[in-house]
Amino acid sequence: MQTRLADFINHTPEGEEAERILRRCVHCGFCNATCPTYQLLGDELDGPRGRIYLIKQMLEGQPVGAATQTHLDRCLTCRACETTCPSGVEYGRLVEIGRAHLAKTQPLSRSTPSRAMRWVLRETLPRRGLFSAALMLGRLARPMLPRALKNKIPVAHRRGPWPAASHDKRMLVLGGCVQPSIAPGINAATARVLDRLGISLIEARRAGCCGAVRAHLDDLEAARDDARRNIDAWWPWIEEGVEAIVMTASGCGAQVRDYAHLLQHDPAYAERAQRVVALTRDVSEVVEAALEEAALSPGATPRRIAFHAPCTLQHGQKIRGVVERILQRAGFALTEVRDAHLCCGSAGTYSILQPALATTLRDNKLAALSEGAPEAIATANIGCLAHLQSGTSVPVRHWIELLDEALAAQS
């Protein structure tokens with residue numbers, strides 16, 4: 001694709017990256033075949049190829065407005081198009097550049113209520129204490145709310161015990177922002193599973209939101225601040241020799257694995273960010289590696305499980321089949337899931353900002369997951385878990401919790 005970037009972005013780091021990505025696109029349209037919003041809406045501008053054209057026009061200085069904003073906002077950033085693209089177009093990074101530029105130059109291209117909602121999400125979700133208090137109020141009011149709103153407020157779950165650090169092999173785990181309040185048992189279950197496998201899991205208290213929420217809401221500078229804070233919190237542990245930084249939410253994993261890119265122009269943090277990325281592991285990678293040296297016998301009665309692979313796991317981190325192998329080794333019977341590559345509609349704050357599209361995508365995904373009549377649905381990301389659970393009575397669990405229960409039953 002030929003480009004003629006405008007002076008305002010030409011020869012800048014963002015411009016050079018955007019130009020490199022744009023020039024890899026060969027207009028083939030394979031990306032549209034796996035784009036959830038194109039499949040639903042059938043509009044070229046609601047597929048990756050059309051959005052690439054919109055971003056190209058914007059960066060070349062052509063007029064943009066509310067229509068461009070609408071089509072970019074409808075993108076889930078699921079990155080299924082990247083998995084499909086034969087030319088290796090890094091669409092996720094391009095759309096990030098486009099959205100950030102649009103937010104900077106056209107701050108009023110969204111309606112006032114939309115801007116207000118995005119501000120509330122940006123300022124509330126990444127702050128663990130504030131979100132926890134808001135969720136507590138929502139749970140208190142839950143019985144009085146309409147059914148549609150009631151279903152969006154997750155019920156409380158127990159955390160369970162966290163084993164004391166007693167192993168020479170130690171790893172960090174990211175606590176995150178919303179997961180400790182919505183599903184505190186996920187990290188505790190991870191600690192118990194790894195404890196059985198000879199690994200002590202430690203949570204650095206000063207680490208918080210990975211930065212994905214603010215990045216998705218066009219505030220890249222705040223996302224960089226989140227990354228710097230986490231790096232500072234982890235660094236003393238890294239210097240003491242922890243073997244990995246474990247991510248139990250695949251969305252956080254995809255974001256943390258982007259820290260080196262996010263902070264590449266920061267002389268104080270670029271090197272440390274690279275070190276953090278090198279240490280970052282999804283929990284499935286850690287468990288699979290540890291299980292190679294551990295005995296694990298299947299349960300007597302296999303439970304039927306449908307596994308939903310989050311986009312941030314299969315497209316963002318390119319981790320495919322690992323969770324499925326672990327669950328099958330633990331004795332679970334996995335059902336076939338149609339169109340497993342498609343997004344469930346959660347996509348960070350997408351389910352709040354684009355409720356109609358998100359609900360349709362959720363219902364389509366639940367229909368596919370339910371075809372095998374599973375006893376439970378397993379996933380690997382807190383956003384997917386909460387979004388899917390809001391539309392079904394079938395329990396939706398993080399797969400590590402199911403594995404923890406299976407291992408406990410074998411003890």
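Note that these values count all heavy atoms, side chains included, but never hydrogens, waters or copies made by symmetry.
Around the CH2 atom of Trp119, the shell of radius 6.0 Å holds no more than 12 heavy atoms that belong to other residues, nucleotides or ligands. The number of heavy-atom neighbours closer than 6.0 Å to NE2 of His11, taken from other residues, nucleotides and ligands shown, is 12 or below. Other residues, nucleotides and ligands contribute more than 12 heavy atoms inside 6.0 Å of the CD atom of Glu240. Under a cut-off of 6.0 angstrom, the local environment of CH2 in Trp162 is crowded, with over 12 non-hydrogen atoms contributed by other residues, nucleotides or ligands.
In summary, Arg93 and Glu96 do not engage in a salt bridge, as defined by a charged side-chain N under 4.0 Å from a carboxylate O. By the 4.0 Å N-to-carboxylate-O rule, Arg228 lies close enough to Asp266 to be salt-bridged with it. A salt bridge between Arg118 and Asp219 is absent, with no side-chain N of the basic residue lying under 4.0 Å from a carboxylate O of the acidic one. The pair Arg51-Asp46 meets the salt-bridge criterion, since a charged nitrogen lies less than 4.0 angstrom from a carboxylate oxygen. Under a 4.0 Å N-O distance rule, the pair Asp195/Arg192 does not qualify as a salt bridge. In this structure, Glu243 does not pair ionically with Arg281, as no charged nitrogen and carboxylate oxygen lie closer than 4.0 Å. Ionic pairing of Arg20 and Glu16 is not present here: no N-O contact between side-chain nitrogen and carboxylate oxygen is shorter than 4.0 angstrom. Salt bridge status for Asp339 with Lys365: absent, with no side-chain N to carboxylate O gap under 4.0 Å. A salt bridge links Glu203 and Arg205; the closest N-O separation between the charged side-chain nitrogens and carboxylate oxygens is under 4.0 Å. At a threshold of 4.0 Å, the pair Glu19-Arg23 counts as salt-bridged, since one of the basic side-chain nitrogens sits closer than that to a carboxylate oxygen. Taking a cutoff of 4.0 Å between a charged side-chain nitrogen and a carboxylate oxygen, Arg303 and Glu375 qualify as a salt bridge.
Asp43 places a side-chain heavy atom less than 4.5 Å from the side chain of His71. Arg272 has its side chain out of reach of Trp234: every pair of non-hydrogen atoms, C-beta onward, lies at least 4.5 Å apart. Leu197 is not listed as a side-chain neighbour of Val286, based on a closest heavy-atom distance of 4.5 Å or more. The shortest side-chain heavy-atom distance between Arg99 and Val95 falls under the 4.5 Å cut-off. Considering only heavy atoms from C-beta on, Ile377 comes within 4.5 Å of Leu366 through its side chain. For the pair Asp73 and Leu353, the minimum side-chain heavy-atom distance is 4.5 Å or more. Residues His341 and Gln314 meet the side-chain proximity criterion, which asks for heavy atoms closer than 4.5 Å.
One N or O on the side chain of Thr12 and one on the backbone of Gly15 form a donor-acceptor pair closer than 3.5 Å. Although no hydrogens or angles enter the test, the distance criterion places no donor-acceptor pair under 3.5 Å between the side chain of Arg397 and the main chain of Thr379. For Thr312 (side chain) and Ala254 (main-chain N/O), no donor-acceptor pair under 3.5 Å exists by modelled atom type. Gln389 places a side-chain N or O within 3.5 Å of a backbone atom of Val394 that can act as its donor or acceptor partner. Side-chain atoms of Asn187 do not come within 3.5 Å of backbone N or O of Val173 as any donor-acceptor pair. Checking side-chain atoms of Gln57 against main-chain N and O of Leu54 turns up no donor-acceptor pair under 3.5 Å. Side-chain atoms of Ser346 come within 3.5 Å of backbone N or O of Gly383 as a donor-acceptor pair. Arg304 places a side-chain N or O within donor-acceptor distance of the main-chain N or O of Gly372, the cut-off being under 3.5 Å. Side chain of Ser114 to main chain of Arg110: no donor-acceptor pair is present (N/O by atom type, distance under 3.5 Å, no hydrogens or angles). Side chain of Tyr259 to main chain of Cys210: a donor-acceptor pair is present (N/O by atom type, distance under 3.5 Å, no hydrogens or angles).
Using modelled atom types and a 3.5 Å distance limit, the side chains of Arg74 and Gln354 yield no donor-acceptor pair. Remark: the Thr248 side chain and the Gln179 side chain contain an N/O donor-acceptor pair separated by less than 3.5 Å. Side-chain contact, Ser284 with Asp282: a donor N or O sits under 3.5 Å from an acceptor N or O. No hydrogens or angles considered: a donor-acceptor pair under 3.5 Å links the side chains of Asp232 and Tyr269. Side chains of Arg128 and Ser181: no donor on one and acceptor on the other come within 3.5 Å. Of the N and O atoms on the side chains of Thr84 and Thr34, at least one donor lies less than 3.5 Å from an acceptor on the other residue.
Considering CG of Asn381 and SG of Cys252, their distance stands at 7.0 Å, rounded to 0.5 Å. Taking SG of Cys177 as the reference point, atom CZ of Arg214 lies at 8.5 Å (rounded to 0.5 Å). Separation of atoms CG (Leu388) and CG (Leu361) is listed at 11.0 Å; rounding is to 0.5 Å. With rounding to the nearest 0.5 angstrom, the CZ atom of Phe332 is 10.5 Å from the CH2 atom of Trp399. Annotation: the span from Leu59 atom CG to Leu22 atom CG amounts to 6.5 Å, rounded to 0.5 Å. Between atom CG of residue Leu5 and atom CG of residue Asn10 there is a gap of 5.5 Å, rounded to the nearest 0.5 Å.
Taking all atoms of both residues into account, the shortest heavy-atom contact from Val178 to Leu125 is CG1-O, 3.8 Å.
Residue pairs satisfying the salt bridge (Lys or Arg N to Asp or Glu O under 4.0 Å) criterion with at least one member in residues 305-316, sequence neighbours excluded, are absent.
Remark: His101 pairs with Phe8 by the ring-ring contact (aromatic ring centres under 6.0 Å, His included) rule, at least two apart or across chains.
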